[in-house]
Engineer: 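Dropping the structure in here first, questions after.
Below, each value reflects all heavy atoms present in this structure, side chains not excepted, and no hydrogens, waters or symmetry copies. Chain identifiers are assigned alphabetically (A, B, ...) following the order of the sequence lines, protein sequences preceding nucleic acid strands; residue numbering begins at 1 within each chain.
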Protein chains: 2
Amino acid sequence: MAESDEAGGEAAAMEEALRSEGVRLTRQRRAILQVLAEAADHPDAPELHRRVQEADDTVSLATVYRTLSVLETKGVVQRHAFEGAPARFETADAPHHDHIIDLDSREVIEFTSPEIERLQKEIARKHGYDVVSHRLELYCRKRR
Amino acid sequence: MAESDEAGGEAAAMEEALRSEGVRLTRQRRAILQVLAEAADHPDAPELHRRVQEADDTVSLATVYRTLSVLETKGVVQRHAFEGAPARFETADAPHHDHIIDLDSREVIEFTSPEIERLQKEIARKHGYDVVSHRLELYCRKRR
DNA sequence: GTTTGTATTGCAACTCATTCGCAACTGCAG
DNA sequence: CTGCAGTTGCGAATGAGTTGCAATACAAAC
């Protein structure tokens with residue numbers, strides 16, 4: 001069970017990070033962290049809620065939203081608001097990356113491009129700005 | 001009055017485009033097109049509504065939304081949903097471009113980068129995809 | 001011009017994702 | 001163990017945008 005082992009480790013690491021930030025660890029938050037650590041995809045809040053309830057059906061959707069906000073401000077998860085859809089979440093353990101969204105399956109593929117990052121900084125500087133954050137999404141269809 | 005002249009011409013061009021698409025031109029739509037043509041910024045729907053009402057206070061917000069949808073599907077305006085804010089609109093007369101969003105003033109600056117476009121296509125192809133559309137936004141602060 | 005059939009409008013009610021108020025509960029520092 | 005500030009569940013509220021419906025107004029045909 002390599003996957004759940006890793007997920008367990010990841011969840012533990014996130015708990016540690018939160019504890020050191022003074023965030024209280026409740027039963028609900030542990031359950032949510034666990035589900036997030038296990039998720040290989042980019043679930044939205046209701047889907048996360050569904051999965052969490054399989055382990056603990058006392059967790060409310062409001063708490064899922066509230067917890068996601070806390071986790072986001074603590075840098076433990078990332079929120080992505082893709083076009084025309086509710087926000088989706090992923091753990092922030094992987095280094096920065098951008099996304100390809102499959103328009104047919106809604107599947108999300110991650111990619112990085114140091115070259116694009118460099119160009120972005122360059123463009124911003126040319127306009128007198130520093131990049132604080134950016135969003136790059138490619139809405140795609142399978143090539144055939 | 002170079003600006004309003006241009007705006008007049010742009011509004012007329014949009015009307016023409018719509019007429020040829022079989023879109024009925026109402027008083028309300030003309031007023032909205034006029035305001036859009038005059039806008040140098042990227043207003044959101046309520047702001048557009050405010051401006052339209054200065055010329056014709058019978059136009060409702062619902063009609064502004066409905067008209068924007070029509071204009072978008074006809075390719076006459078572009079909708080941009082920047083992070084944490086209602087959608088903003090601009091006429092689709094200019095060629096494709098991406099955006100820098102000033103986090104302090106909320107001002108929007110347009111830019112293009114053929115180089116980034118090229119890299120995007122390349123990355124998508126590498127993953128077996130064709131890019132249908134994309135979104136690239138740089139959230140920035142003035143450099144100092 | 002007048003008629004006419006359909007597209008469009010204004011209004012208010014509705015949706016959807018997300019947030020909030022509040023009383024009850026519970027981690028966890030002491 | 002206690003105490004209490006941080007959390008939770010519930011349902012109500014929010015904000016952006018959409019929609020049903022009856023009234024209206026384009027614009028094509030007379």
Engineer: Between atom CG in A:L61 and atom C1' in C:dT18, what is the gap in whole Å?
Structural biologist: 8 Å
Engineer: Say you draw a straight line from CD of A:Q28 to OG of A:S60; how long is it, rounded to the nearest 0.5 Å?
Structural biologist: 8.0 Å
Engineer: Under 4.0 Å between a side-chain nitrogen and a carboxylate oxygen: does that hold for B:E122 and B:R125?
Structural biologist: no
Engineer: Is a side-chain N or O of B:H97 found less than 3.5 angstrom from the main chain of B:I109, in a donor-acceptor match?
Structural biologist: no
Engineer: Please list, in 5' to 3' order, the outermost nucleotides of DNA chain D lying under 4.0 Å from any heavy atom of chain B.
Structural biologist: D:dA16 to D:dA27
Engineer: Might you point out which heavy atoms bring A:V64 and A:A45 nearest each other, and give the distance in Å?
Structural biologist: CG1-O, 3.9 Å
Engineer: Just the rounded figure in Å: distance from C1' of C:dT8 to CD1 of B:I32.
Structural biologist: 11 Å
Engineer: Could you check whether A:L25 gets within reach of a base, just the sugar-phosphate, or nothing at all, counting any heavy atom under 4.0 Å?
Structural biologist: sugar-phosphate
Engineer: Does A:L25 offer a backbone N or O that forms a donor-acceptor pair with the side chain of A:R19 under 3.5 Å?
Structural biologist: no
Engineer: Taking N and O atoms by type only, does the side chain of B:R29 place a donor or acceptor under 3.5 Å from a partner on the base of C:dT8?
Structural biologist: no
Engineer: Could you tell me how far apart A:Q28 (CD) and C:dT26 (C1') are, to the nearest whole angstrom?
Structural biologist: 9 Å
Engineer: Please name all residues satisfying side-chain contact (heavy atoms from CB on, under 4.5 Å) with A:K74, sequence neighbours left out, ordered by chain then number.
Structural biologist: A:L18, A:E21, A:V23, A:V70, A:V76
Engineer: Quick check on DNA chain D: between B:A62 and B:R27, whose nearest nucleotide comes earlier from the 5' end?
Structural biologist: B:A62
Engineer: Can you list, by residue number, the residues of residues 77-87 of chain B that have a non-hydrogen atom closer than 4.0 angstrom to DNA chain D?
Structural biologist: B:P86, B:A87
Engineer: Return the set of residues passing side-chain contact (heavy atoms from CB on, under 4.5 Å) with B:R135 (not counting sequence neighbours), or none when no residue passes.
Structural biologist: A:E83, A:R135, A:E137, A:Y139, B:A81, B:E137
Engineer: Strictly below 4.0 Å, N to O, side chains only: are A:R51 and A:D41 in salt-bridge contact?
Structural biologist: yes
Engineer: Kindly assign one of parallel, tilted or perpendicular to the pair B:F82 and B:H99, based on the angle between their ring planes and the thresholds 30° and 60°.
Structural biologist: perpendicular
Engineer: Nearest-Å distance, CZ (A:R30) to P (C:dG27)?
Structural biologist: 8 Å
Engineer: Taking only heavy atoms on the protein side, list every residue of residues 46-60 of chain A lying under 4.0 Å from any atom of DNA chain D, sorted numerically.
Structural biologist: A:T58, A:V59, A:S60
Engineer: Considering only C:dG21, C:dT9, C:dA17, which nucleotide approaches the side chain of A:Y65 most closely?
Structural biologist: C:dA17
Engineer: Are side-chain heavy atoms of B:Q120 and A:S113 found at a separation under 4.5 Å?
Structural biologist: no
Engineer: Using modelled atom types and a 3.5 Å cut-off, is there a donor and acceptor pairing between side-chain atoms of B:R29 and backbone atoms of B:R24?
Structural biologist: yes
Engineer: Minimum heavy-atom separation for B:I100 and A:A124, please, with both atom names.
Structural biologist: CD1-CA, 4.3 Å
Engineer: Could you say whether B:F89 or B:R66 is positioned toward the 5' end of DNA chain D, judged by the nucleotide with the nearest heavy atom to each?
Structural biologist: B:F89
Engineer: Any donor and acceptor pair, going by atom type alone, linking the side chain of A:H42 with main-chain N or O of A:R88 inside 3.5 Å?
Structural biologist: no
Engineer: Which word best sums up how the rings of A:H134 and A:H96 line up, parallel for under 30°, tilted for 30 to 60°, or perpendicular for over 60°?
Structural biologist: perpendicular
Engineer: For the helix from C:dG1-D:dC30 to C:dG30-D:dC1, what angle separates the axis at the start from the axis at the finish, each from five pairs, in steps of 10°?
Structural biologist: 30°
Engineer: Check the distance between C:dA29's P and A:R24's CZ and give it to me in whole angstrom.
Structural biologist: 9 Å
